[in-house]
Visitor: 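Next up is a structure, given as structure tokens.
Start at 1 with the first residue, then count along the sequence.
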Amino acid sequence: MSIDREVAPEQAGFDARRLARLDAHFARYVDDGRLAGWQLTVARDGRVVHSSVYGHRDAEAGLPVEPDTLWRLYSMTKPITSVAAMMLWEEGRFELTDPIDRWLPEFRDMRVYEKGSASQPFTVPAAEPIRVWHLLTHTSGLTYGFLNTSVVDALYRKAGYDVYSKPGADLAETCRDYAALPLLFQPGTAWGYGVSTDVLGRLVEVISGVSLPEFVRTRILEPLGMGDTTWSVEPGEPRMAALYVPGPDGRRVRFDPMGGLAYEEPKAPSGGGGLISTAADYQRFMNMLLNRGEGLLGPRTVGFMTRNHLPGGADLDTLQTGGFAETTFEGIGFGLGFAVVRDPVPARVWSSPGTFYWGGAASTAFWVDPVERLTVGFYTQLVPSSTYPLRPQLRQLIYSALTD
């Protein structure tokens, strides 16, 4: 299913000429070779105001981006897994303060890195257990191997967890491997991007009694009509976009070693980064969030998820450790599965306080602005997402087109 414009920009409080700047601006990224192609949706009150595609989903094959192109969501999977967990929370299956070792005993008696090298790390006991809310807020001390900024992520790579998971390991074994590694910091004391949501996905499995893909399919995707969202596609799927990285001259280079994983059914489905979807499907997910959980969660649950849960109400900019740089974090907090705008001024790009968002490793992005009743989705396939300032540019172009 494709996305069509449902309301004229002027009827939704937009200046159509200003909205047109979006397409002209991002077209230049394709025309000069930085991106292969992209897709963009802007909606207000759940009605699509602007929908556009440009360039190629597969430049080498000459296949254009089309409304039903399939995109690797990567970390835009995290909000979906977080919603899955909070559905179980609403059923009283756990408390946010529960230690996760109640269900995943391998995380009992965790150690925390203090000093030393990857060959001789010195660790100390964790002062408290990893709790469910630590997973949802990335304050668990778990990290990513591919960050290349700490001794702990070097230990992840040594254990076989870099950009890819260890071959042959299922989700249960993967989590046991994570638990055998030291934490980057004491749980609840800092913010560090990592495999927390993957572990959360395993928690969903154990508590619900079904696999993560089954839970997500039956409890989220099917109720929302997200029929194109999946964990893998058949080899040769014509709608699948190719994956790219920047070359030495800044022009995109196809990256099949990583991109090809989309065609393999994962043995360890990643709740932190494994889903593939379309713009139309993710629009349905955003609409659910904009409408405060309509059909899936209670409105107060969504309101609770999209408040800042960081210790002391601090910004990510203050608490961040581990070197993650997907976007600026000044004036930004973190809720239960989403970054949350506290104050847009420090970042020097407008968005309403209370806006919640995230993005993926291949430069995809979304946000939901409850004040302006605005949802935005941007889809392309360039790793890493920090290559170009696509996200702040989206915000300045879209908010400056609002006129009401």
Visitor: Tell me, do His25 and Leu397 make a side-chain contact under 4.5 Å, heavy atoms counted?
Guide: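 Yes, side chains in contact.
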Visitor: Rounded to the nearest 0.5 Å, what separates atom CZ in Arg391 from atom OG in Ser351?
Guide: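 Arg391 atom CZ to Ser351 atom OG measures 13.5 Å (nearest 0.5 Å).
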Visitor: Below 6.0 angstrom between ring centroids: does that apply to Phe14 and His50?
Guide: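 Phe14 vs His50: aromatic centres not under 6.0 Å.
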Visitor: For Leu297, is there any backbone N or O sitting under 3.5 Å from a side-chain donor or acceptor partner on Arg292?
Guide: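 Pair absent, no side-chain N/O of Arg292 close to backbone of Leu297.
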Visitor: Between Asp343 and Pro353, is there a donor-acceptor pair closer than 3.5 Å when you use the side chain of the first and the backbone of the second?
Guide: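 Absent.
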Visitor: Using modelled atom types and a 3.5 Å cut-off, is there a donor and acceptor pairing between side-chain atoms of Arg57 and backbone atoms of Pro238?
Guide: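 Answer holds: yes.
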Visitor: After noting the C-alpha distance and the side-chain angles of Ser232 and Glu265, does the key distance pass the side-chain hydrogen bond (donor to acceptor under 3.5 Å, both in side chains) rule?
Guide: CA-CA 5 Å; Ser232 63; Glu265 184 175 354; 5.5 Å; no
Visitor: Between the side chain of Thr306 and the main-chain N/O of Val302, is any donor-acceptor distance below 3.5 Å?
Guide: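 Checked: pair present.
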Visitor: Could you tell me the separation between the OH atom of Tyr388 and the OG1 atom of Thr380, rounded to the nearest 0.5 Å?
Guide: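 If I round to the nearest 0.5 Å, the distance is 10.5 Å.
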Visitor: Looking only at heavy atoms, what is the nearest atom pair of Glu205 and Leu212, with distance?
Guide: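 Result for this residue pair: OE2-N, 2.9 Å.
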Visitor: Determine, stepwise, if the pair Met240 / Arg72 fulfils side-chain contact (heavy atoms from CB on, under 4.5 Å).
Guide: CA-CA 9 Å; Met240 191 72 223; Arg72 297 164 189 81; 3.6 Å; yes
Visitor: At their closest point, which heavy atom of Val49 faces which heavy atom of Pro9, and how far apart are they?
Guide: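 Here Val49 and Pro9 meet closest at CG1-CA, 3.6 Å.
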Visitor: Quick one: does Cys175's side chain get under 4.5 Å of Glu106's, heavy atoms only?
Guide: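 Sidechains of Glu106 and Cys175: in contact.
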Visitor: Whether the Ser196 and Ser140 side chains hold a donor-acceptor pair (N or O, under 3.5 Å, no angle test) is what I'd like checked.
Guide: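 Their side chains do contain a donor-acceptor pair, which is all the 3.5 Å distance test asks for.
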Visitor: Less than 6.0 angstrom separating the ring centers of Tyr164 and Phe146, yes or no?
Guide: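 Tyr164 vs Phe146: aromatic centres not under 6.0 Å.
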Visitor: Could you give me the CA-CA distance, side-chain angles and deciding distance for Val53 and Thr69, then say whether side-chain contact (heavy atoms from CB on, under 4.5 Å) is met?
Guide: CA-CA 10 Å; Val53 298; Thr69 291; over 6 Å; no
Visitor: Locate the shortest heavy-atom distance separating Leu183 from Pro187; write the atom from each residue and the value.
Guide: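 Shortest heavy-atom contact: CD1-CG, 3.8 Å.
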Visitor: Given side-chain hydrogen bond (donor to acceptor under 3.5 Å, both in side chains), test Trp71 with Gln39 step by step and report yes or no.
Guide: CA-CA 10 Å; Trp71 307 97; Gln39 184 172 8; 3.0 Å; yes
Visitor: Does this structure show an ion pair linking Arg44 with Asp404, if we count only N-O contacts that are shorter than 4.0 Å?
Guide: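 Yes, charged N to carboxylate O under 4.0 Å.
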Visitor: Less than 4.0 Å between a side-chain N and a carboxylate O, is that true for Glu128 and Arg131?
Guide: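 Looking at Arg131 and Glu128, the cut-off is met.
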Visitor: Charged N to carboxylate O under 4.0 angstrom, Arg251 versus Asp32?
Guide: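 No salt bridge links Arg251 with Asp32.
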Visitor: Let me confirm one number: the CG-NE2 distance from Leu96 to His134, rounded to the nearest 0.5 Å.
Guide: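 Answer rounded to 0.5 Å: 10.5 Å.
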Visitor: Step through the shown structure and confirm whether more than 12 heavy atoms of other residues, nucleotides or ligands are within 6.0 Å of CD on Gln186.
Guide: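 Yes, enclosed.
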Visitor: Set out, in order, the CA-CA distance, both residues' side-chain angles and the distance that settles side-chain hydrogen bond (donor to acceptor under 3.5 Å, both in side chains) for Asp198 and Ser270, then state yes or no.
Guide: CA-CA 5 Å; Asp198 294 273; Ser270 171; 2.5 Å; yes
Visitor: Taking the side chain as every heavy atom from C-beta outward, state whether Val204 and Leu88 have any pair of such atoms under 4.5 Å apart.
Guide: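 Of all side-chain heavy-atom pairs linking Leu88 with Val204, at least one is under 4.5 Å.
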Visitor: Nearest 0.5 Å, what's the CD-OG1 distance between Gln283 and Thr41?
Guide: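 That separation rounds to 4.5 Å.
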Visitor: Do Val199 and Leu104 come close enough that some side-chain heavy atom pair is under 4.5 Å?
Guide: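 They are in contact (side-chain heavy atoms under 4.5 Å apart), so the answer is yes.
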Visitor: Is any side-chain heavy atom of Leu73 closer than 4.5 Å to one of Phe366?
Guide: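 With C-beta onward as the side chain, the pair stays apart.
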Visitor: Could you report the tightest heavy-atom contact between Ala268 and Leu171, atom names first, then the distance?
Guide: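 It is CB-N, 3.6 Å.
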Visitor: Is the closest side-chain heavy-atom distance between Trp38 and Ser52 below 4.5 Å?
Guide: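 Side-chain contact under 4.5 Å: yes.
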Visitor: Can you tell me if Arg342 uses its side chain to pair, donor with acceptor, with the backbone of Gly333 under 3.5 Å?
Guide: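 No; zero donor-acceptor contacts below 3.5 Å.
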Visitor: Between Asp45 and Arg373, is there a side-chain N and carboxylate O pair less than 4.0 Å apart?
Guide: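 Arg373 and Asp45: salt-bridged.
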Visitor: With distance as the sole test, does Asp153 use its side chain to make a donor-acceptor pair with the main-chain N or O of Thr149 at under 3.5 Å?
Guide: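 Looks like yes, one N/O pair under 3.5 Å.
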Visitor: For the pair Asp58 (side chain) and Ala61 (backbone), establish whether a donor and an acceptor sit closer than 3.5 Å, ignoring hydrogens and angles.
Guide: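 It does hold such a pair.
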Visitor: Would you find more than 12 non-hydrogen atoms of other residues, nucleotides or ligands less than 6.0 Å from Arg217 atom CZ?
Guide: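 Counting other residues, nucleotides and ligands, CZ of Arg217 exceeds 12 neighbours.
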Visitor: Taking atom types as modelled, find out whether Lys78 and Ser75 have a side-chain donor-acceptor pair closer than 3.5 angstrom.
Guide: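 There is such a pair (donor and acceptor under 3.5 Å, judged by atom type) between the side chains of Lys78 and Ser75.
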Visitor: In Å, rounded to the nearest 0.5 Å, how long is the span from OG of Ser277 to CE of Met76?
Guide: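 So the OG of Ser277 and the CE of Met76 are separated by 8.0 Å.
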Visitor: Out of curiosity, Leu316 CG to Phe329 CZ, how far, rounded to the nearest 0.5 Å?
Guide: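 One finds 5.5 Å between CG of Leu316 and CZ of Phe329.
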Visitor: Given Arg239 and Thr278, is the side-chain contact (heavy atoms from CB on, under 4.5 Å) satisfied, shown in steps?
Guide: CA-CA 10 Å; Arg239 293 191 292 149; Thr278 61; 4.1 Å; yes
Visitor: So which atom in Ile220 and which in Val83 form the shortest heavy-atom distance, rounded to 0.1 Å?
Guide: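 In this case the closest contact between Ile220 and Val83 is CD1-CG1, 4.0 Å.
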Visitor: Just by modelled atom types, is the Ala59 backbone N or O under 3.5 Å from a matching donor or acceptor in the Tyr244 side chain?
Guide: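 Yes; judged by distance alone, with no hydrogens or angles, the pair exists.
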Visitor: Please state whether the rings of Tyr282 and Tyr379 are parallel, tilted or perpendicular, taking 30° and 60° as the class boundaries.
Guide: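 Tyr282 vs Tyr379 ring planes: perpendicular.
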Visitor: May I ask you to decide if the ring planes of Trp103 and Phe94 are parallel, tilted or perpendicular, using 30° and 60° as cut-offs?
Guide: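 Trp103 and Phe94: perpendicular rings.
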Visitor: Do Trp367 and Asp369 have side chains that approach each other closer than 4.5 Å (heavy atoms only, starting at C-beta)?
Guide: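 Heavy-atom side-chain distance check passes, below 4.5 Å.
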Visitor: Can you name the nearest heavy-atom pair linking Arg219 to Met87, along with the distance?
Guide: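 Closest approach of Arg219 to Met87, heavy atoms only: O-CE, 3.4 Å.
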Visitor: Could you go through Leu136 and Met86, starting from their C-alpha distance and side-chain angles, then the distance that decides it, and tell me whether this counts as side-chain contact (heavy atoms from CB on, under 4.5 Å)?
Guide: CA-CA 10 Å; Leu136 284 156; Met86 293 305 290; 4.0 Å; yes
Visitor: Is there side-chain contact between Leu275 and Thr230, with at least one heavy-atom pair below 4.5 Å?
Guide: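 Not in contact.
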Visitor: Are the charged groups of Glu222 and Arg284 less than 4.0 angstrom apart, N to O?
Guide: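 No, no charged N to carboxylate O under 4.0 Å.
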Visitor: Taking ring-ring contact (aromatic ring centres under 6.0 Å, His included) as the criterion, tell me which of Tyr178, Tyr144, Tyr156 meets it with Tyr161.
Guide: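 Running ring-ring contact (aromatic ring centres under 6.0 Å, His included) over Tyr178, Tyr144, Tyr156 with Tyr161 returns exactly one hit, Tyr178.
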Visitor: Tell me whether the rings of Tyr29 and Phe26 are parallel (<30°), tilted (30 to 60°) or perpendicular (>60°).
Guide: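 Answer is parallel, since the angle falls under 30°.
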Visitor: Determine yes or no for a side-chain-to-main-chain donor-acceptor pair under 3.5 angstrom, with His309 supplying the side chain and Phe304 the backbone.
Guide: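 Confirmed, His309 side chain pairs with Phe304 backbone.
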Visitor: Should the heavy atoms of other residues, nucleotides or ligands under 6.0 Å from CD of Glu60 be counted, would the total exceed 12?
Guide: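 Correct, the count exceeds 12.
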Visitor: Looking at Phe356, Trp358, Trp133, Tyr357, which hits ring-ring contact (aromatic ring centres under 6.0 Å, His included) with Phe334?
Guide: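 Of the listed options, the one satisfying the test is Trp358.
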Visitor: Within the distance-only criterion (no hydrogens, no angle test), does the side chain of Asn291 pair as donor or acceptor with the backbone N or O of Met288 below 3.5 angstrom?
Guide: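 Between the backbone of Met288 and the side chain of Asn291 there is no qualifying donor-acceptor contact (under 3.5 Å).
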